[in-house]
Amino acid sequence: MSTPPAVAGRAAERFWANPATRALAALALVVLLGCCFNAQGAFFKLGTHRDALRQASVFGLLACGMSLVIIGGGIDLAVGSVLALVAVSFSLMSIHWGWAPIVAVPLCLGIGTACGAVAGGLTAGFRIQPFIATLAMMVFARGMAKTISSGMKVSTAVKNADGAYHYVDVPGVFRLIDSRVLGGNLAVVTLIFLVCAALAWIALARHRWGRQLYAIGGNEEAARLSGVPVNLTKILAYAASGLLAAVAGMCQAAQEQQGDPETGAGYELTAIAIVVIGGTTLTGGRGGIGLTLLGTLTIGYLEKILSINAVPEASRLMLTGVIIVVAVLTQRRQRA
Amino acid sequence: MASKPEPAADRPPLVRMTGIGKRFGPVQVLQDVSLEIRAGEVLILAGENGAGKSTLIKILGGVHTEYEGTIELLGRPIRPGSPLEANALGIAVIYQELSLVPSMTVADNIFLGRPITHAGFVRDGVQVAQSRALLEQLGIEIDVRSRAEDLPIAQRQLTEIAKALAQDAKVIVMDEPTSSLNAPEVEKLFGLIQGLKRRGCGIVYITHKMEEIERIGDRVSVLRDGRHVGTAPAAELPPARLVEWMVGREMEEQFPRHNSHRGEPRLRLEGFSVAAPGNRTRLAVDGVSLRVCAGEILGVGGLQGSGASDLFAGLFGAYGRATSGQALLNGQPLTISTPRRAISQGVAYLTNDRKATGLVLPLSIVANATLGDLPRLSPRGWRRPGAELEAAQRHAKTLALRAASLDLEVGALSGGNQQKVALAKWLQVKPQLMLLDEPTRGIDVGAKREIYELLNALTTEGIAIMLITSELPELLALSDRIVVLHRGRVTAEFTRQQATAERVLAAAMGEEVRLTA
């Protein structure tokens with residue numbers, strides 16, 4: 001990358017062989033699409049971009065955790081359910097029980113981390129395939145969310161002992177998370193997402209743990225025989241994914257001003273799509289948080305462009321499916 | 001086909017490849033290569049790794065369809081467009097990487113791609129009967145109903161060969177077919193080859209092993225850097241000349257002179273046993289007692305299933321705590337639990353399969369070279385890329401690693417350079433004892449010699465080395481002493497002077513030989 005190769009064709013080849021280039025190209029394509037179908041100039045308004053970023057943030061948080069697990073050679077199907085479980089827990093604690101954020105936030109983070117660690121422990125310790133272990137956690141966490149909420153949305157309408165409802169104020173921590181900073185130009189959830197992405201990037205790119213995770217994803221047996229603590233490293237990856245799902249769950253609760261036990265269904269698939277569009281390979285050992293950031297923007301903008309053009313939900317889903325395939329096809333590594 | 005045998009040279013060639021050229025992007029991998037495959041002969045295709053042998057046979061086998069030049073089969077021009085088409089023309093290629101479907105039975109694998117069917121349904125009984133007949137005819141004892149994944153690698157290799165022969169091919173290409181066979185199986189294969197020659201088949205045989213070339217080769221064609229260096233009858237091509245053709249320079253001696261640097265005792269095993277992985281009731285290593293001194297190379301001889309590799313894996317903790325008996329390193333008991341623990345005590349283990357268990361192919365050279373030593377290179381958890389790069393550069397220099405950049409993925413390197421990266425990883429952990437299992441497997445002559453020299457250099461630093469190699473001349477030349485294992489037990493121990501190929505082989509086959517006190 002640093003020295004210019006002699007042959008121009010070779011330079012172009014190497015340029016396109018870089019997954020970051022291709023992820024950027026996919027993003028550029030989507031932005032170009034937005035410029036063409038700009039919905040009478042709506043795409044050029046600052047507010048549109050702000051919203052696109054805000055709406056992509058929850059998915060981006062899940063995708064960061066998903067990247068860690070996928071790079072380690074696994075998959076985490078539980079993130080959508082963990083998000084719902086934490087959204088419900090956070091709402092119960094903050095709205096119904098009136099607990100201070102200093103108690104509620106760490107507890108919620110703990111719940112998410114524990115869910116991830118258990119799923120990780122099942123795959124690492126008991127050799128259950130990641131798909132199965134996290135599928136089980138996905139079902140379990142969803143059931144847990146429904147149990148503690150009695151299957152009802154946990155909102156500011158609180159049921160009294162006599163069966164009537166009274167309304168309480170939206171807790172301050174909810175309003176804080178749902179607010180904006182920098183003169184209303186940056187949503188706090190986006191800020192939270194960016195901070196979490198930066199932390200995940202640092203851990204993956206600069207900490208020993210990250211390098212060991214790549215090694216496990218690339219060749220688990222070789223990593224083990226090189227002295228990598230395989231089980232611990234994997235469990236930490238799943239725990240981190242659970243932790244980020246918990247952060248996403250609290251953001252989701254704050255934005256919806258309630259804890260919906262049905263929320264986040266299918267989010268794990270969006271998160272996987274983001275990771276894959278970014279160029280992190282599902283086989284493990286390759287990829288990174290930077291790529292996932294690009295993938296988040298690509299999917300986020302795509303959703304936004306479709307919505308400002310009032311494309312109906314049904315067509316939107318079909319179109320998203322097609323675009324995922326196209327993006328992945330263009331990213332496929334050329335075989336030597 | 002069934003014609004009477006006559007002198008091979010008088011017959012028209014079975015296959016004539018003329019002016020074959022092939023480029024991958026900007027890289028010219030083959031240039032103007034011409035060769036003939038005659039009926040009833042074994043043509044050895046020799047050359048260093050990357051010389052273009054595999055590409056050439058992939059063109060013949062219909063894998064690469066874009067190439068320059070022409071191919072004639074019995075004087076008729078052909079252009080195989082797919083492996084299936086090549087098969088139909090009577091060309092069967094047995095590739096190095098096995099192409100069996102693991103979850104299917106041996107019989108299903110033999111008829112893979114051309115199943116015997118009736119109205120679209122596979123006639124399982126007929127396939128089983130025919131495969132059984134075929135294997136019997138070949139003298140191979142394998143249950144045709146067992147799944148490929150349940151077979152040991154040697155039997156899988158034999159199945160692969162049977163699969164090619166089942167197609168009644170006129171031209172059979174074998175790419176290092178003996179790489180995972182033991183001595184009796186190799187004999188069986190050579191017997192098969194003699195039979196095929198009598199039937200008028202032309203055989204192309206790729207190998208790195210000198211004794212195989214001498215044993216079965218009729219003619220030898222040598223490729224170097226994608227060009228045809230020459231073809232000569234095997235009898236007229238002495239090993240020194242062949243190596244010269246392959247490397248393009250004269251190599252005065254195959255093995256560099258080795259000086260012993262024996263110091264104080266490093267490793268001592270007393271009644272050391274290792275349970276077989278997957279079957280805890282069987283002992284893969286059974287009561288082995290031996291010692292290795294600092295600066296000494298202890299060769300561990302033995303045929304397949306001798307337990308030599310299990311001894312290394314067991315010592316390293318790769319099988320967990322499934323060991324018993326006493327192991328002392330520098331007089332202190334060696335704690336055997338995990339590879340990590342072994343590394344921290346100064347033990348390194350180069351596995352015999354660098355791609356499957358040695359290297360992380362998608363990661364860079366730097367990442368692989370420092371993977372074993374990360375705890376020390378990142379003391380507080382945070383990595384120091386500068387220190388890692390420096391370490392990798394240092395080893396790249398000592399090992400003469402040839403790579404455009406140390407950020408290259410290891411998967412993109414040649415076999416010899418990959419092995420150097422694997423070695424770099426173990427040099428980086430500053431070991432006291434190195435367990436090297438097949439350090440020169442599947443690498444070219446030049447890289448082999450560099451590794452021999454490295455081993456010598458390591459002994460001068462006082463590192464104790466235990467070495468497994470399936471190439472007997474290598475074992476004899478490199479080892480200061482040799483212990484031979486048979487079914488997990490030591491059957492012989494030789495000094496360098498006492499060891500001969502015959503004695504080592506006899507001990508490996510189970511004869512008790514005691515020469516040293």
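Side-chain atoms are counted along with the backbone in the values below, which use heavy atoms only and exclude waters and symmetry mates. Just so we're on the same page: letters track the sequence lines, and every chain starts at 1.
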Asker: Is it true that atom CZ of B:Arg394 has more than 12 heavy atoms of other residues, nucleotides or ligands lying nearer than 6.0 Å?
Answerer: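 It does: B:Arg394 CZ has more than 12 such atoms within range.
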Asker: Name the region of B:Glu388, side chain, backbone, both or neither, that has any atom closer than 4.5 Å to a heavy atom of chain A.
Answerer: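 Only the side chain of B:Glu388 comes within 4.5 Å of chain A.
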Asker: Rounded to the nearest 0.5 Å, what separation is found between the OH atom of B:Tyr349 and the OG atom of A:Ser226?
Answerer: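 Answer rounded to 0.5 Å: 12.0 Å.
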Asker: For a 4.5 angstrom cut-off between non-hydrogen side-chain atoms, does A:Arg224 reach B:Arg340?
Answerer: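 No, every pair of side-chain atoms sits at 4.5 Å or beyond.
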Asker: So does A:Gln129 have more than 12 non-hydrogen atoms from other groups sitting under 6.0 Å from CD?
Answerer: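 Open.
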Asker: Considering only heavy atoms, which portion of A:Ile202 lies under 4.5 Å from any heavy atom of chain B: side chain, backbone, both, or neither?
Answerer: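 Both parts, backbone and side chain.
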Asker: Quick check on B:Leu359 against chain A: is it the side chain, the backbone, both or neither that has a heavy atom closer than 4.5 Å?
Answerer: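 Only the backbone of B:Leu359 comes within 4.5 Å of chain A.
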Asker: So, does A:Arg208 use its side chain to make a donor-acceptor pair with the main chain of B:Ser378 at under 3.5 Å?
Answerer: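 Looks like yes, one N/O pair under 3.5 Å.
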Asker: Are B:Arg383 and A:Arg211 close enough that some pair of their side-chain heavy atoms sits under 4.5 Å apart?
Answerer: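 Heavy-atom side-chain distance check passes, below 4.5 Å.
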Asker: Tell me, for B:Thr351 versus chain A, whether the close heavy atoms (under 4.5 Å) come from the side chain, the backbone, both or neither.
Answerer: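 Only the side chain of B:Thr351 comes within 4.5 Å of chain A.
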Asker: At a heavy-atom separation under 4.5 Å, does B:Thr357 approach chain A through its side chain, its backbone, both, or neither?
Answerer: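 Its backbone and side chain both get close to chain A.
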Asker: Sub-3.5 Å donor-acceptor pair from the side chain of A:Arg206 to the main-chain atoms of B:Trp382, do we have one?
Answerer: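 Flag not set: sc A:Arg206 to bb B:Trp382 has no pair under 3.5 Å.
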Asker: Between A:Gly218 and B:Pro362, what is the shortest heavy-atom contact and its length?
Answerer: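 Looking at all heavy atoms of both residues, the shortest contact is CA-CG, 3.8 Å.
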Asker: When heavy-atom pairs shorter than 4.5 Å are enumerated against chain A, which of B:Gly317, B:Ser405, B:Pro375, B:Ala348 gives the highest number?
Answerer: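 Winner by heavy-atom pair count: B:Pro375.
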Asker: Counting heavy-atom pairs under 4.5 Å with chain A, which one of B:Pro339, B:Gly411, B:Gly381 comes out on top?
Answerer: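 Ranked by contacts with chain A, first place is B:Gly381.
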Asker: For B:Glu390, I'd like to know if atom CD has over 12 heavy atoms of other residues, nucleotides or ligands within 6.0 Å.
Answerer: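 No, because the 6.0 Å sphere around CD of B:Glu390 holds 12 heavy atoms or fewer from other groups.
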Asker: Who among A:Gly285, A:Gly284, A:Ala215 has the most heavy-atom pairs with chain B under 4.5 Å?
Answerer: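 So the answer, after comparing A:Gly285, A:Gly284, A:Ala215, is A:Ala215.
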Asker: Between A:Gly217, A:Pro229, A:Ala223, which residue shows the highest count of heavy-atom pairs closer than 4.5 Å to chain B?
Answerer: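 Heavy-atom pair counts peak at A:Pro229.
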Asker: Let me know if B:Thr370 has heavy atoms under 4.5 Å from chain A in its side chain, its backbone, both or neither.
Answerer: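 Contact with chain A is through the side chain of B:Thr370 alone.
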Asker: Checking A:Asn219 side chain against B:Ala356 main chain: does a donor-acceptor pair fall under 3.5 Å?
Answerer: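 Yes, because the side chain of A:Asn219 sits within donor-acceptor range (under 3.5 Å) of the backbone of B:Ala356.
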Asker: Roughly how far apart are B:Lys425 NZ and A:Leu225 CG, rounded to 0.5 Å?
Answerer: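 Rounded to the nearest 0.5 Å, the NZ-CG separation comes out at 7.5 Å.
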Asker: With a 4.5 angstrom heavy-atom cut-off, could you sort out which part of B:Ile343 is near chain A: side chain, backbone, both or neither?
Answerer: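 For B:Ile343, the contact with chain A is made by the side chain alone.
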